[in-house]
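Every number for a ligand or one of its atoms is a count from 1 in the order of the listing.
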Amino acid sequence: MNRLMLINGPNLNLLGTREPGIYGSHTLSDVVGEVKKVTDSFGYELEDFQSNHEGAMVDKIQEAGRTCSGIILNAAAYTHTSIAIRDAIASVPIPVLEVHISNIHTREEFRHHSMLASVCKGQVVGLGIKGYRYAALALLEK
Ligand code: DQA
């Protein structure tokens, strides 16, 4: 399956205007464009999905498990709370890379813990939107 899934969680649809001092001025479509450059260069398709709803993200992770060879996931605030998303990741047979635009470890204490990290292949944190590109490379480079 020459296909990757990019999933962004709650409030990431507001990238560009949302707390630009923390998340920068790039929009979600800039993020998708950056990842697509990488997937295109490897001859892969990219499906991108954003939702503010936990269950919709669980559904998409399950679907990607059947249709894709990897997932790039920024679960946003659900990173810190969601056992349902953690269990969905653990249920799919494909690697999931966790991405955060900001450095969650230098921010408020409630952001330091990820419910997802121990079931993900790896984490890219604090590198801005470039982190999504690095995650795609990590999934695609052999
Ligand atoms: C985030 C970090 C989360 O703590 C926060 O809730 C987000 C974005 C990031 O990309 O830096 O919404 O995942």
Side-chain angles (χ1 to χ4, degrees), residues 1-42 44-141:
M1 278 169 294
N2 286 355
R3 188 177 173 84
L4 288 191
M5 181 72 77
L6 169 63
I7 300 176
N8 279 286
N11 303 305
L12 293 170
N13 54 314
L14 300 180
L15 278 181
T17 55
R18 173 193 182 197
E19 300 184 88
I22 296 173
Y23 299 112
S25 55
H26 292 289
T27 64
L28 184 58
S29 68
D30 294 333
V31 168
V32 176
E34 283 300 302
V35 177
K36 198 163 165 14
K37 274 188 227 161
V38 177
T39 50
D40 281 354
S41 73
F42 281 82
Y44 271 62
E45 282 176 40
L46 179 69
E47 178 174 345
D48 81 279
F49 177 78
Q50 188 278 328
S51 180
N52 296 323
H53 304 277
E54 187 177 19
M57 293 174 66
V58 168
D59 287 343
K60 206 50 152 177
I61 291 165
Q62 291 183 6
E63 179 194 318
R66 297 185 297 270
T67 60
C68 294
S69 56
I71 302 175
I72 300 163
L73 172 65
N74 185 345
Y78 288 135
T79 303
H80 315 297
T81 62
S82 179
I83 296 171
I85 291 177
R86 177 202 165 87
D87 286 352
I89 295 168
S91 303
V92 294
I94 58 173
V96 179
L97 275 186
E98 178 182 351
V99 173
H100 298 287
I101 296 165
S102 65
N103 185 344
I104 55 175
H105 302 292
T106 58
R107 297 183 62 195
E108 302 94 327
E109 198 162 341
F110 64 84
R111 296 184 203 275
H112 296 182
H113 181 68
S114 166
M115 301 291 284
L116 316 180
S118 64
V119 287
C120 286
K121 184 179 165 71
Q123 221 185 21
V124 186
V125 167
L127 302 181
I129 73 161
K130 280 190 302 220
Y132 289 91
R133 188 145 49 85
Y134 301 148
L137 282 169
L139 286 171
L140 295 177
E141 275 179 351

To which protein heavy atom is atom 7 (C) of ligand 1 closest, and what is the distance rounded to 0.1 Å?
Tyr23 OH, 3.4 Å
Ignoring angles and geometry beyond distance, decide whether Ala77 reaches within less than 3.5 Å of ligand 1 through its nitrogen or oxygen atoms.
yes
Glu54 versus Ile85: any side-chain heavy-atom pair under 4.5 Å?
yes
If you scan protein heavy atoms around atom 9 (C) of ligand 1, the nearest is Ile101 N, 3.4 Å
Can you label the angle between the Phe110 ring and the His80 ring as parallel, tilted or perpendicular, going by 30° and 60°?
perpendicular
Measure the distance from atom 5 (C) of ligand 1 to every protein heavy atom, then report the residue, atom name and distance (to 0.1 Å) of the closest one.
Arg111 NH1, 3.3 Å
Where do Asn52 and Gln50 land on the side-chain hydrogen bond (donor to acceptor under 3.5 Å, both in side chains) test, with the steps shown first?
CA-CA 7 Å; Asn52 296 323; Gln50 188 278 328; 3.0 Å; yes
Ile104, portion touching ligand 1 at heavy-atom distance under 4.0 Å
side chain
Paired with Leu46, the side chain to side chain contact (heavy atoms under 4.5 Å, CB included) test is passed by just one of Lys37, Met5, Lys36, Arg3, namely Lys36
Can you list the atoms of ligand 1 that are under 4.0 Å from a heavy atom of His80?
3 (C), 4 (O)
Identify the protein heavy atom lying closest to atom 1 (C) of ligand 1, giving its residue, its atom name and the separation to 0.1 Å.
His100 ND1, 3.7 Å
Is there a heavy atom of Asn74 sitting under 4.0 angstrom from any atom of ligand 1?
yes
Contact atoms of ligand 1, heavy-atom distance to Ser102 under 4.0 Å
2 (C), 9 (C), 11 (O)
Which of the numbered atoms in ligand 1 are below 4.0 angstrom from a heavy atom of Arg18?
7 (C), 12 (O)
Indicate whether the side chain of Tyr23 and that of Asn11 have a donor and an acceptor atom separated by less than 3.5 Å.
no
With a 4.0 Å cut-off on heavy atoms, does Thr79 reach ligand 1?
no
Between ligand 1 and Glu108, can you find any atom pair, the residue atom being a heavy atom, that is separated by under 4.0 Å?
no
